[in-house]
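Basis for what follows: all heavy atoms, side chains included, without hydrogens, waters or symmetry-related copies. In this chain, residues are counted from 1 in sequence order. In listed order, ligands and their atoms are each counted from 1.
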Amino acid sequence: MFNPKDGEILPVLIRNSRGELMGTGISNEKGFRKSIERQEAWLLDGKTGRLLPAPRIRGFQEIRHRDGYYEIISREISADTDPAPADAAQKTPGEGTETAEMTDAGDVQGSGENEPVTGSAAGAEKDPEDPSYGEYGMFLRRLEETIRRRREEMPPGSYTTHLFEKGEEKIRKKTGEEAVELLLARDNQELASEAADLMYHMMVLFVQRGMKFGDAVEVLRSRHS
Ligand SMILES: N=c1c2ncn([C@@H]3O[C@H](COP(=O)(O)OP(=O)(O)OP(=O)(O)O)[C@@H](O)[C@H]3O)c2ncn1[C@@H]1O[C@H](COP(=O)(O)O)[C@@H](O)[C@H]1O
């Protein structure tokens with residue numbers, strides 16, 4: 001029997017009765033209980049963190065606990081993106097009619113694939129020869145140095161200190177959560193923001209393990225022809 005710990009957020013894979021992957025999401029213990037109770041998938045909205053019903057998942061056969069994630073096997077996955085009005089009317093008063101967005105399998109990049117990214121993430125538009133690319137490396141090293149200092153000094157009120165206090169398991173878990181949030185990003189802006197969260201947490205994990213972010217860069221460099 002699946003029994004997630006209180007507050008734990010786990011990835012959810014949604015499959016049809018033939019076992020084909022239909023989509024992904026994230027949920028928690030409350031979402032799991034609610035899914036069983038209502039016989040419909042309740043997922044956490046990646047942006048707001050609110051628990052909402054997934055509109056297209058009805059009549060599921062079972063929820064299976066796998067290692068580090070859970071799987072919903074659905075008899076019926078409707079092709080509609082919007083919840084039917086009848087579904088909305090069935091909701092408990094006060095719950096509203098919002099639904100969680102499920103990321104379709106094979107469409108994890110979302111609909112905003114070609115949207116321009118504004119702000120500092122717009123670097124992808126630059127000429128590959130632009131000398132300011134060197135700034136990326138310098139900034140990442142500065143950030144890594146700050147994280148390393150947080151670990152030595154453990155100043156109160158710092159989120160990085162909070163992560164180091166909790167330890168490696170917590171840091172790994174947060175890194176995993178950020179990776180799932182990256183998967184759920186719906187447009188380029190969100191993708192850049194989730195990637196930044198992931199890189200920061202990955203960097204904290206590296207510092208925790210006594211590694212340098214440059215260790216990963218070296219692997220990339222060695223693969224590059
Ligand atoms: N780049 C980051 C950065 N990216 C993301 N985050 C934090 O990561 C957290 C992720 O949000 P979540 O909702 O998932 O986590 P949470 O609920 O706040 O935390 P938990 O209770 O789940 O652990 C947020 O609190 C963000 O503020 C970061 N925190 C710090 N930095 C940088 O790290 C350096 C040191 O910062 P301090 O640790 O704040 O001094 C500075 O350069 C910061 O800019």
Parallel, tilted or perpendicular, as decided by the 30° and 60° cut-offs, for the rings of H201 and Y159: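 Aromatic pair Y159/H201 classed perpendicular.
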So is there a nitrogen or oxygen of [X] less than 3.5 Å from a nitrogen or oxygen in ligand 1?
{"X": "T160", "result": "yes"}
{"X": "E177", "result": "no"}
{"X": "H162", "result": "yes"}
{"X": "K174", "result": "yes"}

Separation between CD1 of I26 and CD of E181, rounded to the nearest 0.5 Å: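 Separation between the atoms: 5.5 Å.
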Using a strict 4.0 Å cut-off to heavy atoms of [X], name the atoms of ligand 1 that fall inside it.
{"X": "R150", "value": "35 (C), 37 (P), 38 (O), 40 (O)"}
{"X": "E178", "value": "10 (C), 14 (O)"}
{"X": "D197", "value": "4 (N), 5 (C)"}

Could you tell me whether [X] approaches ligand 1 through its side chain, its backbone, both or neither, with non-hydrogen atoms closer than 4.0 Å?
{"X": "Y159", "answer": "both"}
{"X": "L143", "answer": "side chain"}
{"X": "K166", "answer": "neither"}

Could you establish whether H201 and ligand 1 come within less than 4.0 Å of each other, counting only heavy atoms on the residue side?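 The answer is yes, since H201 has a heavy atom less than 4.0 Å from ligand 1.
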Considering only heavy atoms from C-beta outward, does the side chain of V219 approach that of D215 to under 4.5 Å?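 No, side chains not in contact.
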Salt bridge between E169 and K173, side-chain N to carboxylate O under 4.0 Å?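 No, this pair does not count.
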Using a strict cut-off of less than 4.0 Å between a Lys/Arg side-chain nitrogen and an Asp/Glu carboxylate oxygen, indicate whether E145 and R148 qualify as a salt bridge.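 R148 and E145: salt-bridged.
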Could you check whether atom 13 (O) of ligand 1 has a protein contact, counting only heavy atoms that fall below 4.0 angstrom?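 No, there is no protein heavy atom closer to it than 4.0 Å.
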When you measure from atom 44 (O) of ligand 1 to the protein, is at least one non-hydrogen atom found at a distance under 4.0 Å?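 Neighbour list for atom 44 (O) of ligand 1 is empty of protein heavy atoms (cut-off 4.0 Å).
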At their closest point, which heavy atom of G25 faces which heavy atom of L43, and how far apart are they?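 G25 and L43 have their closest heavy atoms at CA-CD1, 4.3 Å.
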For L140 and F213, work out which heavy atoms get closest and say how close.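 Nearest pair, atom of L140 first, then F213: CD1-CE2, 4.3 Å.
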